[in-house]
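Take a look at the structure set out below.
These numbers were taken from a predicted model, which means no experiment stands behind them. All ligand and atom numbering here is 1-based and tracks the order in the structure.
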Amino acid sequence: MRGQAPRRRWTAFAAAALTGALAVSGCGGNDGKGGNDASEVEVFSWWTGPGEADGLAAMKADFEKKNPGTKFTNAAIAGGSGTQAQAVLASRLQNRKPPDSFQGHAGAELLDYIKAGQIEPLDSFYDENKLKAAYPQQLIEQITYQGKIYSVPVNIHRSNVLWYNPGILKDAGIAGPPATIADFITALKAVKDKTKKVPLSLGAQWTADHLLENVLLGDLGTDAYNALWKPGADWSAPAVGKALADYAEIMKYTTSEAASTDWQGAAKAVVDGKAAFNIMGDWAYGYFTGTAPNGLGKKLDTDFKYAASPGTDGTYMWLSDSFTLPKGAPHRGGALAWLKEASSKEGQDLFNPKKGSIPARKDADKTLYKGYLEYAFNEWNKPGVKLAGSFWHGVNASKKQHTDIDTAVGLFLQNKDVGKLQAALASAAKNSGQ
Ligand code: GAL
């Protein structure tokens, strides 16, 4: 027994020395292999399509100019709203093979990573770069847990946008974009009866989830929609049942064969004159207006128009792409340099006009945001704007609830049973773990 004392003392000394070394290298909390290595950075996202990939490329070019010694690896994995990427990311995090930085939505989605101990707090990074004052307070709150800040928001997207083809509306005798869910259903019927076009284009299953959040907001209104994401929310209420019945009705005017395409195929159908309406986030704007051959090179007001999705005018259903510092990031120095780029005014003003989003920072150059983006910029910054969080894009549903809702929607697409959908959504809320 006596022989153990020195060993214990040595162990304690070694541990103290190691802690000191980690503190000096700024490595605190990771596995010690990466240190402050800035020779590389692997950035993980799902931005592979026109618009989004162009935005990322613009920020990457600026990053490379400012960090000539750091090799940038773009680890983007295709699949709208990150359906594929998030599965790959989960297994990498599980196996402790994190990228140097990954894209995670501000809000409940980020909270899952925090609670699982997968990402590091960034408070000293925020202090060094004077970032706290650069972001709106309500956004800082969505990335803070137990007093610590965990990510770097690069943009604000709007989920509740109705994109439409003005020529098809005219042919169908529709005076303008429908302002309520009831008017929307009437307009969809008019397109079906009077033209040979698709009334509402839809893509992969997640676009049906995206549509669901828009119909819930449009039917219930902002306060009741927001209340759905609070503990003890009443998903069995008749008003939710009515919204789901409307959702079922709207789904009758979509195309089931579109299920194999992602959001791009569904959005493109509108600007190509094949579909009258599409409800999609404003990343569609980056895709529509981006320069050919990458983007579609289409013109606002001629090839397409936009409005708030039916029943949601005056409310910004928002989401925010943010970048993180995973625990054990192999090139922590590279990751911090990337976070600096993503948080900078220059980086955000290069990225967002191409991405189809507005900057998360408050001091962006407003003149760069034209057409739809000028509208988005003004709406977001309007005093007293009403906010709703996009559940599909990470703001107010935990990953578990997100998956459970997707499963419920998938079953509904097959059985079309509104009662079962409502019961499944109620149980998803009860078991959300929030
Ligand atoms: C969202 C993401 C956007 C865009 C969109 C379509 O979840 O926040 O940046 O990528 O998916 O893939």
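A salt bridge links Lys132 with Asp127: the closest approach of a Lys/Arg side-chain nitrogen to an acidic carboxylate oxygen falls below 4.0 angstrom.
Close approach of ligand 1 to Gly80 (heavy-atom distance below 4.0 Å) involves ligand atoms 12 (O). Close approach of ligand 1 to His105 is summarised as follows: ligand atoms under 4.0 Å from at least one heavy atom of the residue are 1 (C), 2 (C), 7 (O), 8 (O). For ligand 1, the atoms closer than 4.0 angstrom to any heavy atom of Trp47 are 9 (O), 10 (O). In summary, the atoms of ligand 1 found under 4.0 Å from a heavy atom of His157, numbered by their order in the structure, are 3 (C), 9 (O). Close contacts between ligand 1 and Lys355 involve ligand atoms 3 (C), 4 (C), 9 (O), 10 (O) [criterion: under 4.0 Å to a heavy atom].
Here the heavy atom of the protein found nearest to atom 12 (O) of ligand 1 is Ser81 N, 2.8 Å. The protein heavy-atom contact nearest to atom 8 (O) of ligand 1 is Asp321 OD1, 2.6 Å.
Any N or O atom pair closer than 3.5 Å counts here, and Trp283 shares no such pair with ligand 1. Considering backbone and side-chain N/O of His393, one or more are found under 3.5 Å from N/O of ligand 1.
The aromatic rings of Trp163 and Phe288 lie perpendicular to each other, with more than 60° between the two planes, well past the 30° mark. Taking the six-membered ring where the residue is Trp, Trp47 and Phe351 present tilted rings, their angle falling between 30° and 60°. Using cut-offs of 30° and 60° for the angle between ring planes, the Trp206 and His210 rings count as perpendicular.
Cation-pi geometry between Lys340 and Phe63 is not met at under 6.0 angstrom from the ring centre and within 45 degrees of the axis.
Contact of the Trp263 side chain with the Ser81 side chain is not registered, since no non-hydrogen atoms from C-beta on lie closer than 4.5 Å. Counting heavy atoms from C-beta outward, Ser201 and Val270 have side chains that approach closer than 4.5 Å.
Counting heavy atoms closer than 4.0 Å to ligand 1, residue Leu319 contributes side-chain atoms (C-beta onward) but none from N, CA, C or O.
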